[in-house]
Number of protein chains: 2
Amino acid sequence: MSTPTVYDVAERSGVSIATVSRVYRNPDSVRAQTRDKVLHAARELGYFPSGNARGLASRTTGVLGLCFPDYADPDAEADGADGDDSAVMLYSDQIIRGMERAARRHGYALLIAASLEGGPQTLVEQVAGRVDGFAVLARTIPTEDLEIISRRLPVVMLAGPREIDHLDHIEVANFDGERELTRHLIADHGLRRLAFVGGEIDSPDAEARFGGFRAACQEADLPVPDEPTIRASMMTQAEGARAAEALLDRGGAHPQGVLFANDQMAVGALHALESRGVRVPRDIAVTGFDGIPLSRIVRPALTTVRQPMRRLGEEAVDLLVRRLGDRSREPVSLMLPVSVTRRASCGCVGEARQL
Amino acid sequence: MSTPTVYDVAERSGVSIATVSRVYRNPDSVRAQTRDKVLHAARELGYFPSGNARGLASRTTGVLGLCFPDYADPDAEADGADGDDSAVMLYSDQIIRGMERAARRHGYALLIAASLEGGPQTLVEQVAGRVDGFAVLARTIPTEDLEIISRRLPVVMLAGPREIDHLDHIEVANFDGERELTRHLIADHGLRRLAFVGGEIDSPDAEARFGGFRAACQEADLPVPDEPTIRASMMTQAEGARAAEALLDRGGAHPQGVLFANDQMAVGALHALESRGVRVPRDIAVTGFDGIPLSRIVRPALTTVRQPMRRLGEEAVDLLVRRLGDRSREPVSLMLPVSVTRRASCGCVGEARQL
DNA sequence: CTGAAAGCGCTAACAG
DNA sequence: CTGTTAGCGCTTTCAG
C-alpha cells in the first residue's frame, strides 16, 4: 500500500503496534534495541504517523488556531510606497506573527483561517475540529457558535468587547488611547474645534475610541458630542477621504483637528485634504488610530495610537496554553496598553513635507 | 458526555449517523425537513464535527501547510524605524500572507510551523500528518525526509535549488537579478572596482547571486572573482557591518561599489560605513538583495533586487491545489522574476540624506 | 518493557 | 433520500 501504517511497521520489525506507537510518542519507554528495530523498519517503509489518527485517538492535536475576519480593505492590500504590496503589514499579519512565535515556543503549530464570504460555518468546522484551542478576532464567529465551541475547547477572544464572560479575552485600551490623544491635541496644540470620524455603530473598537474622545472633551469643557461627527461605513481609505470632503463641505469654519477612528481613514483623508489644498497640520491636524506601518510612511507622517497587535497574539497563545493546562482556571480579561505616537500630522514633528 | 458525536445527534433526531454526516458534508443530499431536524438536535447538543475523525475517515483535511526554518535574525526582529517591531515584515510573513490568501480562495486553511531548534522530526510529524499538502522553504526539512513524505502527499519546495526533481519547485531569479543589478552599477554608474559580500557557502540563494555578479563582471571585461570578496557566516546586519569594516581595513583603494548578498547585510553595512565617515553613495555605492521593507526606510534608501515573496506563496498554493487535483501531473519548476529597485544607495536617487 | 483488544468520531460504499 | 456496515490509523488501558 502507498501509505504504511503502524501495522506494517510492527509486522516488519516483529513487534506489536503498541510498541511502534510508543517509539514515536515516548521513545524512552522502549528498549533502545527494540526502538532501533522499529525506526529502521519505519524508514524502509517510508512510514510517518498520521496526525488525524493520532488526534482522534488521543484527543489532542498540538495545534492552536486563529480565526480572523475576511477584512480585506482593498486599499490596504494595494498600498505601500512604491507600489510594493509587501510593505504593508496588516493587523492579521502581526497577530499571526505573534501567535506563531509564541506557539512555537510552546511546541504548537498554528492553524490560520479567515472567514470566507460564504459564512462562518465552514470556518468553524475547519478549525474548531482540528485544534486544541484557538483565538478569534472580534466579529468573526457568531457568539452563539462560540458559546457552543467553547464548551469543548479553550477559546480566547481578541479585541472587541467581551461577548462571552466565561471566556478568556484580550483587548486593547481603545478608550484610554483616544482620550490621551485627544488631550494632546487640546492641551499641547491648543485645538478646541475637534471632529471625530467614527465607524460602523457595531464596531466596538471605534465606539470605545469615540468614548475616549468624548471623555477628553468633557475634561476640557469642550462640547461633548453624542455621536461621531461623521460615521464611515467601512473605515477604509476611500471612506476616510469621503469623510474629509464632507467635513470641508459643511458650512461654517472647518474643525481645527480631525480624529479618525483608524489609520486607514486618516490616510485617505490626508490624500483628500492635500488635493483640496488644505495643509496638514497647518490648516487641520489629523490623527489616526492603530499605528499601521503605512502611518509612518505617508506624508505628513501620521500621529496615531499604536496598538500592540503582535503582543496580542502572544498573550493569546499564553492564555490558551495556560487554560489547556487547567481548564478550571478563572477566565481572565486582559487590557493591553497602547501608546500615543506623535508625528507630523498633528503638528508635533516639523512641518509637513512631501515624500 | 461533554463531546457529542454523530451518534448522539442521530439518536436525538431519530435518523442514522450516515444522515447526520450527510447534513454536514452535503446538505442538499438530505430532505430539508430531515436536515432541519438534525441541525436542530445538533444545536441543542452543542455538536460540531471532529476534524480529526473526518480527516481520518476521508483522508483529506482541507488544510495546506507551510514549513519554514527558524530563521530568526535578531536584528530583523528588533529593527524598524522607531523601534516599532511591527513595521518589519519578514519573508516568512509575506509568504504566509500569500499562501493564506490563495488557500482561502481555494477553500483551504493554512497550517504554519517553523522548525524548532529541537530538530525537524517534530515539525514533520506536526504538519505532514495533518495537511493535504504543503510547501517547504529550502533547508527546513532534510531532503531524505521530504523524499519519504512526498510519496504520500504533494510537497512544493520554495526557494533554493531543486533538491528533489520529481517535486514541484519554485524559485526566484537570483542569478538574473544580481546580474542586472551589477550591470546597472557598471554601465549606468561607471563603477569598475566592485566587491561582493556573500553568505554561507551552502546558501544556494547567495551563491546564485554571486553567480549573477560574476556574469556581469565577465560581460564587462572586469576581473571575475572565484570567490566572494568576503563571506559572511550569517547574512545578518551585524555580519554586514563587519564585512564593511573589513573592506575598509584592507590595504589599497576601497571598492567603488559593494554588492551584498541580501538587504540585511547591506543595512548593517550602511550603519558601519556611516560611523566610519564613509558617505554612501558618494564614496561607495551599496546594494542589497530581497527588497525587504526596511530597505526603503533606511537612509540612504537601499538599491536592491526585489523578490516577489508574496507571489511565491500564492504560486505554491496553486501548485499544491493543482497537484491535489491530478497527482500524475508532470512536476514543474517555476522561476519567479525579480526586479531591480533603484534607490539612493547606488546614487540613482538624489544624494544620501540622513533620516 | 511489550502485547492484546477496544475504541476515538466520522466517512464511504452499498443496499434499500 | 436514508440506513447498514466497515473501517480510517493511532492511542490506551490492562495484562503479562
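Lettering of chains follows the sequences in order, A, B, ..., and the numbering in each one begins at 1.
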Please tell me which of the listed nucleotides, C/dG9, C/dA4, D/dC10, lies nearest to the side chain of B/Ala53? C/dG9

Return the nearest nucleotide to the side chain of B/Pro49; candidates are C/dG9, C/dC10, C/dA12. C/dC10

If we only count heavy atoms from C-beta on, is the A/Cys67 to A/Ile141 side-chain gap below 4.5 Å? yes

Atom pair distance, as rounded to whole Å: CG in A/Asp36 and P in C/dC1: 14 Å

Does C/dC10 have its OP1 or OP2 closer than 4.0 Å to a side-chain nitrogen or oxygen of B/Arg22? no

If you only use heavy atoms from C-beta on, which nucleotide in D/dG7, D/dT12, C/dA12 is closest to the side chain of A/Ser58? D/dT12

To the nearest Å, give me how far apart CG (A/Asp132) and C1' (C/dC8) are. 15 Å

Donor on one side chain, acceptor on other, B/Thr60 and B/Asp132, under 3.5 Å: no

Whichever of B/Asn52 and B/Ala18 has the more 5' nearest nucleotide on DNA chain C, that residue is B/Asn52

A/His40 atom NE2, over 12 foreign heavy atoms within 6.0 Å: no

Using a 4.0 Å heavy-atom cut-off, does A/Ser21 contact any base of the nucleic acid, only the sugar-phosphate backbone, or nothing at all? base

Please tell me which of B/Thr19 and A/Phe48 maps to the more 5' nucleotide of DNA chain D, matching each residue to the nucleotide holding its nearest heavy atom. B/Thr19

Any B/Thr34 side-chain nitrogen or oxygen under 4.0 Å from OP1 or OP2 of D/dT2: yes

Any side-chain N or O of B/Arg31 below 4.0 angstrom from OP1/OP2 of D/dC1? no

Would you mind reading off the distance between A/Tyr24 atom OH and D/dC10 atom P, rounded to a whole angstrom? 9 Å

Choosing from D/dT2, D/dC10, C/dG9, which nucleotide comes nearest the side chain of A/Arg54? D/dC10

Separation of D/dG9 atom C1' from A/Tyr47 atom OH, nearest Å, is 7 Å

Quick check: on DNA chain D, is the nucleotide nearest B/Ala57 upstream (toward 5') of the one nearest B/Asp28, or the reverse? Name the residue that is more 5'. B/Asp28

Whole-Å distance separating the OH atom of A/Tyr7 from the C1' atom of D/dG9: 7 Å

Is the closest side-chain donor-acceptor distance between B/Asp205 and B/Ser203 under 3.5 Å? no

For B/Val20, report the nucleic acid contact type (base, sugar-phosphate, nothing); a contact means any heavy atom under 4.0 Å. nothing

If I take atom CD1 in residue B/Ile17 and atom C1' in nucleotide D/dG7, what distance separates them, rounded to the nearest angstrom? 11 Å

Using a cut-off of strictly less than 4.0 Å, decide whether A/Ser50 has a side-chain nitrogen or oxygen near OP1 or OP2 of D/dC8. no

Can you tell me if A/Arg59 touches the phosphate of D/dC10, counting only side-chain N or O atoms and a distance under 4.0 Å to OP1 or OP2? no

Would you confirm whether the ring centroid of A/Tyr7 sits within less than 6.0 angstrom of the ring centroid of A/Tyr47? no

Starting at CG of A/Leu56 and ending at C1' of C/dG7, how long is that distance when rounded to a whole Å? 9 Å

Going by an N to O cut-off under 4.0 Å, is there a salt bridge joining A/Arg139 and A/Asp202? yes

What integer distance in Å separates A/Glu11:CD from C/dG3:C1'? 16 Å

Would you say C/dG3 has OP1 or OP2 under 4.0 Å from some side-chain N or O of A/Ser16? yes

